[in-house]
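What follows is one structure encoded as structure tokens, with my remarks underneath.
Remember, predicted model here, so these are calculated numbers, not experimental data. Keep in mind that the numbers below use all heavy atoms, side chains included, and drop hydrogens, waters and symmetry copies.
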Amino acid sequence: MANKDAIPLVVKYGGNALPQPGGADPILDEVAALVREGNRVVVVHGGGPEIDAELSARGITSKRVNGLRVTGAEALQVTESVLCATVNKRLVRALQARGVRAAGISGQDGPTLVAVPAARGALGFVGTIVRCEPELVRALHAGGFVPVVAPLATSLDQGALNVNADLAAAAIAGALRARALVLVTNVDRVRRDAGDPSSGIAFMSVEGAKAFAASDACAGGMLPKIEAAIAAAASGIDAYIAGSGERAIARALAGEATRVGAR
């Protein structure tokens with residue numbers, strides 16, 4: 001049973017780190033163990049590869065700008081379907097199979113996440129988060145549930161917007177005053193040279209992370225992770241960009257990750 005006074009830990013489970021359906025899932029094993037130990041955990045998930053596959057199967061062209069998928073009306077329908085109905089519920093079922101009471105929501109529920117069109121609408125139905133209202137997440141925790149959150153937001157005019165999962169996790173972590181944000185991905189650390197595993201970075205200050213984000217070394221999907229870590233750190237929350245595998249969350253918090261923080 002979770003301690004009602006426990007400070008939540010927010011885990012962003014990246015789409016590139018998610019296993020194949022039915023495969024071993026050490027991240028969810030660890031989340032379940034943390035919950036059994038009395039920790040409150042929020043899981044915010046991605047699903048990019050599965051969205052890409054479904055878009056391709058439907059013949060819908062997809063492109064990315066600075067790591068963000070340009071999302072038209074058809075792509076938004078696919079994105080919402082894959083994230084909310086497929087990936088989210090699969091993770092909920094997997095946690096329940098591990099003895100954890102889990103509840104799947106999206107950022108639209110509550111609403112938990114409120115956004116405005118990004119880049120003045122140039123990216124289509126892609127949103128920039130302007131507000132997180134964490135009351136629903138807190139209510140689920142109070143009821144003994146693990147919230148599993150899909151990264152969609154409600155716009156100010158009540159439409160749906162696709163938001164980056166890393167940035168959604170950072171917004172939720174900040175609103176909850178979480179004890180940490182762990183961004184689980186398919187690389188164990190941020191690298192100065194993306195092709196060189198030995199160039200991993202152990203620590204970045206907020207200013208150092210901003211400089212890295214503006215450099216040529218930060219590209220594609222790593223950019224929103226760095227931006228999310230900066231946002232969390234600016235709220236006083238340490239963010240860890242970490243790989244997956246056995247005890248990945250514990251290893252990240254112990255230093256086997258890139259930590260972005262005030263010090």
Side-chain angles (χ1 to χ4, degrees), residues 12-18 44-53 55-56 61-72 75 79 115-130 151 161-171 173-174 180-235 237-245 248 251-252 255-263:
K12 188 269 179 168
Y13 199 174
N16 287 315
L18 290 167
V44 181
H45 66 83
E50 293 190 46
I51 294 169
D52 288 341
L55 289 172
S56 178
T61 302
S62 178
K63 67 176 182 177
R64 291 178 181 270
V65 176
N66 293 328
L68 301 175
R69 179 185 287 101
V70 177
T71 305
T79 297
V116 296
R120 298 183 179 180
L123 300 179
F125 293 94
V126 174
T128 296
I129 298 166
V130 295
L161 290 172
N162 179 27
V163 295
N164 178 267
D166 299 302
L167 297 171
L181 167 63
V182 180
L183 302 161
V184 178
T185 185
N186 58 345
V187 293
D188 57 359
R189 280 182 176 169
V190 179
R191 300 171 181 175
R192 298 189 189 282
D193 178 349
D196 181 6
S198 69
S199 67
I201 302 168
F203 172 75
M204 288 182 177
S205 66
V206 171
E207 291 306 314
K210 288 179 179 178
F212 183 83
S215 72
D216 292 339
C218 184
M222 186 54 71
L223 179 58
K225 290 175 177 56
I226 296 293
E227 291 176 338
I230 291 168
S235 298
I237 298 161
D238 279 348
Y240 299 81
I241 300 173
S244 56
R251 288 189 286 105
E256 293 184 35
T258 296
R259 179 172 70 87
V260 179
R263 58 183 177 83

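- In terms of heavy-atom proximity, G174 sits nearest to I237 at CA-CD1, 3.6 Å.
- For the residue pair V163 and A115, the shortest heavy atom distance occurs at CG1-CB, 4.1 Å.
- Taking each heavy atom of A165 and V44 in turn, the nearest pair found is O-CG1, 3.8 Å.
- You'll find the side chain of Y13 reaches within 4.5 Å of the side chain of L18, heavy atoms only.
- With hydrogens and angles disregarded, no donor-acceptor distance shorter than 3.5 Å links the side chain of R259 to the backbone of Y240.
- A distance of 11.0 Å separates CZ of F125 from CG of N162, quoted to the nearest 0.5 Å.
- When side chains are defined from C-beta on, V182 does not count as touching K12, because their heavy atoms never get closer than 4.5 Å.
- Contact record, I230 with V260: N-CG1, 4.4 Å, taken as the closest heavy-atom pair.
- A heavy-atom distance below 4.5 Å is found between the side chains of I226 and F212.
- Within the structure, salt bridge (Lys or Arg N to Asp or Glu O under 4.0 Å) contacts touching residues 219-235 (residues at least two apart or in different chains) are D166-K225.
- Nearest heavy atom pair, residue L223 against residue C218, reads CA-SG, 3.5 Å.
- The structure places CG of L183 at 10.5 Å from OG1 of T258, a figure rounded to the nearest 0.5 Å.
- For the atom pair S235 OG and L181 CG, the distance stands at 10.0 Å (nearest 0.5 Å).
- The minimum heavy-atom distance linking A170 with A228 is given by the pair CB-O, 3.4 Å.
- Within the structure, side chain to side chain donor-acceptor pair (under 3.5 Å) pairs that include any residue of residues 197-222 comprise D196-S198 (at least two apart or interchain).
- Rounding to the nearest 0.5 Å places CE of M222 at 6.0 Å from OG1 of T185.
- Side-chain contact between P117 and V126: absent, with no pair of heavy atoms (C-beta onward) separated by less than 4.5 Å.
- Between R191 and I201 there is no side-chain heavy-atom pair separated by less than 4.5 Å.
- Here OG1 of T79 is found 4.5 Å from CD1 of I51. Values are rounded to the nearest 0.5 Å.
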